[in-house]
Amino acid sequence: VLITQQSQEEMIRVFEENQKLHQDGKGDMAKLIVVSLSVQPILSLAARYNLLADEAAQKLSGYFRKLGADIVLDMTVADDFAILESQQEFIERFRAAEGNGNTSKSLPMLASSCPGWVCYAEKTHGNLILPYISTTKSPQQIMGSLVKYHLAAQLGKKPDAVYHLTLMPCYDKKLEASREDFFNQELQTRDVDCVITAVELEQLLESEGHSLSAVNAVPLDFPWSKIQSSTQSITSHKGSGSGGYADHIFLHAATELFTESEPKLEYKSLRNPDFREVTLERDGKVLLRFAIANGFRNIQNLVQKMKRGKCIYHYVEIMACPSGCLNGGAQVRPQDGTSPRELTMKLESLYQSLPKQVPEKNSVVSELYKAWLGGSQSDKCSSLLHTQYLAVEKMATALNIKW
Ligand code: SF4
């Protein structure tokens, strides 16, 4: 995997070059700069600067606009796509496993939104684990498809005339954006051109002697529909702010596969709070068994179980960081004697205070399925919302690299 152009310096260089083109009357050569804000770093910066979550989002929007961004978005639409696609993929895998005795390695389905985990699986466990990882792209990369292959067209731009920057909770998201699969060879453009983390943004503000609190707030853009444009607010989803979607997939599968109208979500902690399990049972029989495994100790245990053919789960939400993305490696570090755990709890409570988004009820997403993708489960959905994984040896051969 080649990691290039993923730094604050690169971001500032692009903003400055763009500004110069505009000043020199060569605006037609300038890029359209689109910034996508993920919810976890917004909350991290909100806590750092004692702001409300929405206030922090709007001040970040103001900050990026001051740097020269044309459009600033939140990632709710991409999160909703990722949840809906993962739900659908689970149903298909479950039915395939029922039909063929799981010879096609359909289950367990392992989550794919954490590149820390995906890279570890590719490097360490290769083809043994990869068939089980969900093919649904992470929200960051779905946002990449949406910005480069829908928003750009809507605005009469080619994908390579758009510079897409994301604000994320960890450095591994830079690695993800740099994957070959997310690079358009023909147009020589990436779906996500640059990833900036919460801690890098804090450093940038510090180096300029600024506080985010002092930045003017500017509402986020909402180019997907005119209806929400002036009231756009960041949102949360069912479950924790970890960045995973086990709750959604479990509830959807319980209803879709077993016609449970009100399935209960009661997790039991096993071994430690970062390994939890939930089941759907009927007449003493377990119909669905899901787990959430966060942090490398739990991931290693799970992988060992899979290697021995002893994994009992239908789905596992795997996130490399304990407590998931709220505690990401590039979130702002705790201040003033606060412990990491206290900070994560504070971010979790900020997350829970946001208005809840229900992906199935997001009319903008339904409209995008029709207008952009030609319906759900279309070929365009497969190519723009799904990806593939390669064991490192295979990846090295494909890239002609000696490993
Ligand atoms: Fe990044 Fe950690 Fe979230 Fe994985 S769990 S995507 S490594 S912040």
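Just follow the structure's listing: the first ligand is 1, and inside any ligand the first atom is 1. What you see is a predicted model; the values in this text were computed from it and never measured.
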Determine whether the side chains of T235 and T76 contain a donor N or O and an acceptor N or O closer than 3.5 Å.
-> yes
Does K20 come within less than 4.0 Å of E17, counting only side-chain N to carboxylate O?
-> no
Can you tell me if C170 has an N, O or S atom under 2.8 Å away from atom 3 (Fe) of ligand 1?
-> no
Pair Y267 + F290: ring centers closer than 6.0 Å | no
Would you mind listing which atoms of ligand 1 come within a distance below 4.0 Å of any non-hydrogen atom of D172?
-> 7 (S)
Can a donor-acceptor pair be found between the side chains of S138 and E176 at a distance below 3.5 Å?
-> yes
A student checking ligand 1 against A320 at a 4.0 Å heavy-atom cut-off should list atoms 5 (S)
Can you tell me which residue and heavy atom of the protein come closest to atom 3 (Fe) of ligand 1, and the distance to 0.1 Å?
-> C325 SG, 2.3 Å
Atoms in ligand 1 with a heavy atom of C321 nearer than 4.0 Å = 2 (Fe), 5 (S), 7 (S), 8 (S)
Should you measure from each heavy atom of G328, which atoms of ligand 1 turn up under 4.0 Å away?
-> 8 (S)
Donor-acceptor pair between Q300 and Q304 side chains, under 3.5 angstrom | no
Nearest protein heavy-atom contact for atom 4 (Fe) of ligand 1: which residue, which atom, what distance?
-> C114 SG, 2.3 Å
For P115, take its heavy atoms, then give the atoms of ligand 1 lying under 4.0 Å from any of them.
-> 6 (S)
Does a donor on one side chain sit under 3.5 Å from an acceptor on the other, for Y245 and Q87?
-> no
